[in-house]
Amino acid sequence: MAGVTTTSLPGPKKVVYCGDAVAAGLSTLSVDAQKRAEKDAQKKAAKASAQEARDNEKRATSKVIIKRVERNKRKYVTCITGLEAHGLDLKKVAKDLGKKFACGSSVTKVASGGEEITVQGDLSDDIFDWITENYEAVPEDNIELVEDKKKKSAG
């Protein structure tokens with residue numbers, strides 16, 4: 001018996017698995033069972049296509065925000081939020097940013113529950129250009145530049 005696996009179960013039963021036996025068992029399904037199986041497969045396909053449509057709509061409406069934040073006097077950091085909605089791995093993107101701009105970059109957690117990439121330095125315009133060139137998954141219209149400039153008090 002080539003290709004046959006035998007398994008002994010505790011008790012008097014003995015089960016024999018064979019590719020031919022499984023095919024024969026499937027062909028002997030009742031017509032009702034076959035119709036149910038077809039209907040279930042159609043439902044699963046419809047659910048999958050609906051989920052994909054929702055994901056595409058979510059990607060199209062989600063914004064990537066590049067924000068420059070003042071740290072000390074003339075030191076700045078650039079924070080990037082919203083990349084995970086476009087299916088990008090934040091750790092990989094942070095590492096690529098650090099290599100490209102020769103600076104420190106990390107993924108940090110935000111109080112609102114999400115994650116953001118923090119890059120040392122005022123690189124907001126350069127990062128905008130770099131993201132649009134390297135990641136086609138992020139449309140240019142969905143990227144927002146936010147400049148947090150603190151006003152100096154006069155005198």
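Just so it is clear, the model here is predicted, and its values are computed rather than measured.
Sequence neighbours left out, not one pair with a member in residues 131-141 passes salt bridge (Lys or Arg N to Asp or Glu O under 4.0 Å).
Taking a 6.0 Å sphere around CD of Q51, one finds it holds more than 12 heavy atoms contributed by other residues, nucleotides or ligands.
Here the side chains of V93 and Y135 are in contact, with some heavy-atom distance below 4.5 Å.
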Side-chain donor/acceptor pairs under 3.5 Å, residues 114-132, sequence neighbours excluded:
| from | atom 1 | to | atom 2 | distance (Å) |
| --- | --- | --- | --- | --- |
| T118 | OG1 | T108 | OG1 | 3.3 |
| D122 | OD2 | R68 | NH1 | 2.9 |
| S124 | OG | E147 | OE2 | 3.4 |
| T132 | OG1 | F128 | O | 3.2 |
| T132 | OG1 | D129 | O | 2.7 |

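One finds the NZ atom of K43 at 7.5 Å from the NZ atom of K47 (value rounded to the nearest 0.5 Å). Atom CG of residue L83 and atom CG of residue N142 lie 11.0 Å apart, to the nearest 0.5 angstrom. The line from CG of D40 to CD of Q42 is 9.5 Å long, rounded to the nearest 0.5 Å.
Remark: K92 engages D96 in a salt bridge (charged side-chain N to carboxylate O under 4.0 Å, His left out) (not counting sequence neighbours).
Residues G98 and S105 share a closest heavy-atom pair of N-OG, 3.4 Å. Taking each heavy atom of L97 and C103 in turn, the nearest pair found is O-SG, 4.5 Å.
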